[in-house]
Amino acid sequence: MSETYPLQRESEFSWRIEPTGKMRVPGIIYADEELIRAMDDKVFEQLCNVAGLPGIVQAAYAMPDAHWGYGFPIGGVAAFDADQGGVVSAGGVGFDISCGVRALRTGLTIDEIEPVKKQLADALFRQIPVGVGSTGRIHLNDKGMTAMLRGGARWAVEQGFGEMEDLQHIEEKGCMAGAVPDEVSARARKRQQDEMGTLGSGNHYLEVQRVAQIYDQRIATAFGLRENDVIVFIHCGSRGLGHQIGTEFLKYMVLAASQHGIELPDRELACAPINSELGQAYLGAMRAGINCALANRQIITHLTRQVFADVLPKADLTLLFDVSHNTCKVETHLVDGRKRKLYVHRKGATRAFGPGNPDLPETLRAIGQPVLIGGSMGTESHILAGSEKGTELSFNSACHGAGRAMSRHQATKLWKGRSVVDELADRGIIIRSPSMRGVAEEAPGAYKDVRAVVDAAEKAGLAHKVARVEPHVCIKG
DNA sequence: ATGTTC
């Protein structure tokens, strides 16, 4: 338990830090006691800093998987009102803009995969570029880049990557409105021109998984999931482009803070008023970054379909959903009984719209949004559904994954990549990666227990558990 | 996360 921060237990799964000093609103953390005990005090410090930013509404929130991040905690949620001096923060979105997870049904069961599992792993590893600085077969000139940044997954489908039907099951229908490609620098564009349709590195991956357990039969049926079904999880983001946008705007926001009359408790919290030239420029660039990530996952989906068509011609890959967990989005939420338009930052936090939300496609509106929670390599992942009361609890946000339990450096001292691969192979999990060091850094033991995180999110009321899935093939950055 | 330090 934190020595420094006075955490009041509000309920079994929620904890509160009352506003003191420069805090404008309380900090609220959703977690069980064990997760709270394991949280670094840095999370609480960063949450209190966020709670002091201009125009913040209701509370600064931390999800059960929260850990220390750049400025904002990863697993942090904060909403701002533009009319009350609210700000937008590059550090509140994160460097990998619109990093997220997409889930595909395959129409196959595990029995059909087993005989060709190795062949499938090799073909996916061959066809989907992965690793630091990986490039693909798509090369965009400046005009093509502008079209991609404006159109997102819709652009990708128009280029022949996937089906129009896919767009219904992507946040923003696959195309983030309000993107301003002109706000994306030449350098960011250059970094991305050969990187479309690539997975990247770090914790990014493509997994072939089996639905191992159904928690909610009604919702699972609505999501088209049955036990032993094979699905695919794709976890990646906006590659070099998002990182470059984040780096540049962070610098501009630090430089402009004093002009905007913003006093920063931590320069990593750099932000700009939503109603300022810089705030609007960032929002335009960040939304273009969102489109880049949506297009990237759409192209990877197309490559995945091609591989399955070769190896398992019977497969029919359909999109369950695509969620982003590093964004700032304008949404309407009920605050103190009043509907307000808010700029909701989610950094390492998944949007989790509940049943009835008008932004959900018709097929899911009565059910709630699929919430895709990727575990670490070699461990289980989870599919949840957004809850009705999520709007008042966390502006409809939930956890995004297991969260690291130790640094990458520490992990490489404890594990060797080759032995991690061998141990997972013994358990029937095939890993393919260009980097054994990357594999060591991502060893399952270097992460928290994703099930504890998901259970805490459910018990706090943020989302509802639907299914647990286990990995069989993992293509790893 | 990231052309893993412009």
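Below, chain A is the first sequence line, B the second, and so on; all start at residue 1. Any value given below was found using the heavy atoms of this structure, including those in side chains, with hydrogens, waters and symmetry copies removed. Quick caveat: nothing in here was measured; it's all calculated off a predicted structure.
Taking atom NZ on A:K251 and atom P on B:dT2, their separation rounds to 20 Å, with Å as the unit. At whole-Å resolution of the value, CD in A:E441 and P in B:dT4 are 13 Å apart. Atom CD of A:E248 is separated from atom P of B:dC6 by 13 Å (rounded to the nearest Å). A:D194 places its CG atom 16 Å from the C1' atom of B:dT2, with the value rounded to the nearest Å. In this structure, CG of A:L250 is placed 17 Å from P of B:dT2, rounded to the nearest angstrom. Rounding to whole angstrom units, CG of residue A:N326 and P of B:dT2 are separated by 11 Å. Look at CG on A:L199: it is 14 Å from C1' on B:dT2, rounded to the nearest Å. Atom pair A:K190:NZ and B:dT2:P shows a separation of 18 Å (rounding to whole Å applied).
Here A:S238 lies out of heavy-atom contact (under 4.0 Å) with every strand. At a threshold of 4.0 angstrom between heavy atoms, the contacts of A:G200 are confined to the sugar-phosphate backbone, with no base atom among them. Within 4.0 Å (heavy atoms only), A:G237 reaches no atom of the nucleic acid at all.
In this structure, the nucleotide among B:dC6, B:dT2, B:dT4 sitting nearest to the side chain of A:R187 is B:dC6.
In this structure, a donor-acceptor pair under 3.5 Å is present between the side chains of A:E442 and A:Y447.
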Audit row: A:F80, A:V88, side chain to side chain contact (heavy atoms under 4.5 Å, CB included) steps and yes/no
CA-CA 8 Å; A:F80 298 84; A:V88 61; over 6 Å; no
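Distances shown here put a side-chain N or O of A:S201 below 4.0 Å from the OP1 or OP2 atom of B:dT2. Contact annotation: A:R408 side-chain N/O to B:dT4 OP1/OP2 distance is not under 4.0 Å.
With A:V344 as the partner, the side-chain contact (heavy atoms from CB on, under 4.5 Å) test is satisfied by one option alone out of A:V77, A:N396, A:V330: A:V77.
Using cut-offs of 30° and 60° for the angle between ring planes, the A:H204 and A:H235 rings count as perpendicular.
For the pair A:R427 and A:E423, the salt-bridge criterion is not met [side-chain N within less than 4.0 Å of a carboxylate O].
Mapping A:V132 and A:R404 onto DNA chain B by nearest heavy atom places A:R404 closer to the 5' end of the strand.
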